[in-house]
Amino acid sequence: MTVSAWAPLRRSAFRALWLAQFASNIGTWAQTVGAQWLMGDLGGTALQVALVQTATTLPVFLLVVPSGALGDILDRRHVLIAGQALMLAGAAGLMLLAGTGRATPSSLLALLALMAMGQALSMPSFQAIQPELVSREEIPQAALLNGVNMNVGRAIGPALGGLLIAVAGSEATFAFNTVSFLGVLIVLGRWRRPSDHRPLGTEHIATAVRSGARYVASSPLFRRVLTRLLLFIVFGSGLWALLPAIARGPLQLDASGYGVLLGSVGAGAIGGAFVVPKLLQRMSKNSMVLGATVLYALATTTSVLTANFAVVVVAMLLTGACWIATLSTFNASAQVLLPAWTRARALAYYQLILMGGQALGAVVWGVIADAYGLRTAMIVPAAAMAVLALAATRWWPLIDRPLDVTPATYWDEPPQHDDSDAGPVLVTVEWPVAPENHERFIDAMQRVGRARRRTGATMWGLFRDTERPDTFLETFTIATWQEHLRQHLERGTVVDRQNQEVARELAKEPPIVRHLVFAQPTKPD
């Protein structure tokens, strides 16, 4: 059954938040123009003008990972409200200071940094709530629509910002952005999100950050998505950094012509939202991503090989469609691979690569453009991107059928222990396995071991008993008894249970499990 590209918009919660976020995206891009213009009006140095971009990106880069952990251990709705409130406070402060003539370069940078902190707080939780707003089948379409939202906002916002500055000054862009955040806060305030099920209470933030990193490190399928994203974003981001130079240089365009190019990218993104769901009914994710990446590379190359404005507009339409097709596929693939308990903190690494890759690519290809010219800076990464996409499709393919990561409690109850902070905890599992099943059992246990590490184990190993060759001893350690209880009660998934059942079917009889807690000396030496 084909799912309509617009199906998620039939769901009231998603639709309301999508519309509010659309206004907010336009306001954010309009404010970016206003902030850069205001810094110039304030007599800011070239360094201070450049620091506007730093103030809006560096806090996000530094805070997005702990913000993702907060999105998993606290109510995501409350985290989103807090993030949006910070951004509202920053925009309102900029509006008041600019409107009263009291803005300074330092205050401008400080308030932009405050808004970036709010953005860092919001981003992982916003991604993590998408599976709560739509059905599992609609997640790819939701990712597409969110990509359209961002790209159209990127196209409209700067043009609107320039118009507002011309009519009412830079403070008008800050006022518009302030109002746009109010819309998001109203929608979040009215959303009745079900309470999270946390039998063991809230995790400590430091523990949550470590468990998120451990999950990513022990999830090969999710790491594939991150690797594919990194390869695409680093080599594909040069277009966004160099498009103004292309407009001013080879094309000899004014500001309105540049606006047409940005609008073409947005229009291409909207077209991509219609086309991608239909393509996914006829081809695999890997084939579509490979095709979209190669077409993106050809379109970006075209933008510097011709001075024909109409041809470049068509190329920008294609880049918008291919950009959203690729990134929305990666985003949807990431979301359906992650269980609810770690979704926000794992998606924080997705955002880290997305933003960090764009920043790195912009710098690298900007330096190359200065040294060797625009053509080299566009053609070289385009060729590399196409070649790497072909290799990545073979080495790190995306899976078309997502795993079942719904919660599942499948372990036997652990023994009672009074001290939840006691640790480290050593768990041993003795597996009796017939000789003819040894090879298959070892293979099956590798998947079990990754599940142990994803859910909390700091070390895992499988050993064969030299005195009883048919006996295997599985061992793993967990930092505390509390963390081990979370493995039992909060972090198991259906696919983890299935993998363990495969191992149990290969054993001659049920395994023997023992739990040991580190013996602390009662008196120090």
Side-chain angles (χ1 to χ4, degrees), residues 1-26 29 126-127 130-131 133-157 159 228-229 232-233 236 239-240 259-300 302-303 310-336 354 389 398 400 402:
M1 178 179 176
T2 302
V3 179
S4 167
W6 309 103
L9 292 176
R10 299 192 188 110
R11 301 183 181 274
S12 57
F14 180 87
R15 181 176 63 250
L17 188 57
W18 189 88
L19 291 171
Q21 195 68 24
F22 180 63
S24 180
N25 283 332
I26 293 175
W29 285 102
F126 178 77
Q127 294 293 324
Q130 299 307 306
L133 300 175
V134 300
S135 69
R136 189 175 182 85
E137 294 74 21
E138 293 170 344
I139 288 177
Q141 286 72 28
L144 271 170
L145 289 171
N146 287 327
V148 168
N149 199 322
M150 176 61 72
N151 279 279
V152 176
R154 185 204 298 258
I156 297 175
R228 300 286 296 271
L229 173 66
F232 177 78
I233 206 71
L239 176 67
W240 310 112
V260 170
L261 294 183
L262 289 176
S264 300
V265 174
I270 295 174
F274 281 103
V275 174
V276 169
K278 297 178 180 179
L279 290 176
L280 286 175
Q281 297 296 322
R282 295 171 172 81
M283 62 177 66
S284 67
K285 290 180 182 179
N286 291 288
S287 297
M288 195 197 66
V289 168
L290 176 60
T293 302
V294 172
L295 188 55
Y296 182 89
L298 292 173
T300 55
T302 300
S303 67
V311 173
V312 176
V313 167
V314 173
M316 291 303 100
L317 287 168
L318 291 174
T319 59
C322 294
W323 179 268
I324 196 171
T326 304
L327 291 188
S328 66
T329 302
F330 290 153
N331 189 273
S333 298
Q335 289 187 33
V336 298
L354 182 64
L398 304 174
D400 284 296

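It should be emphasised that the depicted structure is a prediction, and the values quoted were computed from it without experimental measurement. Counting from 1, the numbers follow the sequence of the chain as shown.
Note that the CG atom of L298 and the OG1 atom of T319 stand 12.0 Å from one another [nearest 0.5 Å]. Distance CZ/F232 to CG/L354: 10.0 Å, rounded to 0.5 Å. Here the CG-OG distance, from L318 to S303, works out to 11.5 Å after rounding to the nearest 0.5 Å. Between the CG atom of L280 and the NZ atom of K278 there is a distance of 12.5 Å, given to the nearest 0.5 Å. One finds the CD atom of Q21 at 13.0 Å from the CG atom of L145 (value rounded to the nearest 0.5 Å). Note that CD1 of I26 and CH2 of W29 are 12.5 Å apart. Values are rounded to the nearest 0.5 Å.
Summarising the geometry of V152 relative to G266, their closest heavy-atom pair is CG2-O, 3.9 Å, with the distance given to 0.1 Å. Between V276 and M288 the shortest heavy-atom distance is CG1-SD, 3.7 Å. When all heavy atoms of A142 and F14 are compared, the pair lying nearest together is CB-CE1, 3.8 Å. What you find for R228 and V289 is that their closest heavy atoms are NH2-CG1, 3.6 Å. Between A267 and L317, the shortest heavy-atom distance links the atoms CB-CD2, 3.8 Å. In terms of heavy-atom proximity, A273 sits nearest to P277 at O-CD, 3.1 Å.
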For T302 and V312, what are the C-alpha separation, side-chain angles and deciding distance, and is it a side-chain contact (heavy atoms from CB on, under 4.5 Å)? CA-CA 7 Å; T302 300; V312 176; 5.8 Å; no
side-chain contact (heavy atoms from CB on, under 4.5 Å) between N286 and L290, worked out: CA-CA 6 Å; N286 291 288; L290 176 60; over 6 Å; no
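Of the possible polar contacts, one joining the N149 side chain to the W18 backbone as a donor-acceptor pair under 3.5 Å is found.
Counting only heavy atoms from C-beta outward, the side chains of R15 and L19 approach each other to under 4.5 Å. Residues Q130 and P8 are not in side-chain contact: their nearest non-hydrogen atoms beyond the backbone lie 4.5 Å or more apart.
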Going by atom type alone, with no hydrogens or angles, which donor-acceptor pairs under 3.5 Å involve a side-chain atom of residues 320-332 and a protein atom two or more places apart or on another chain?
residue: T326; atom: OG1; partner: C322; partner atom: O; Å: 2.9
residue: S328; atom: OG; partner: I324; partner atom: O; Å: 2.6
residue: S328; atom: OG; partner: A325; partner atom: O; Å: 3.4
residue: T329; atom: OG1; partner: A325; partner atom: O; Å: 2.6
residue: N331; atom: OD1; partner: Q335; partner atom: NE2; Å: 2.5
residue: N331; atom: ND2; partner: Q127; partner atom: OE1; Å: 2.9

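Annotation: side chain to side chain donor-acceptor pair (under 3.5 Å) contacts of S333 (sequence neighbours excluded): K285.
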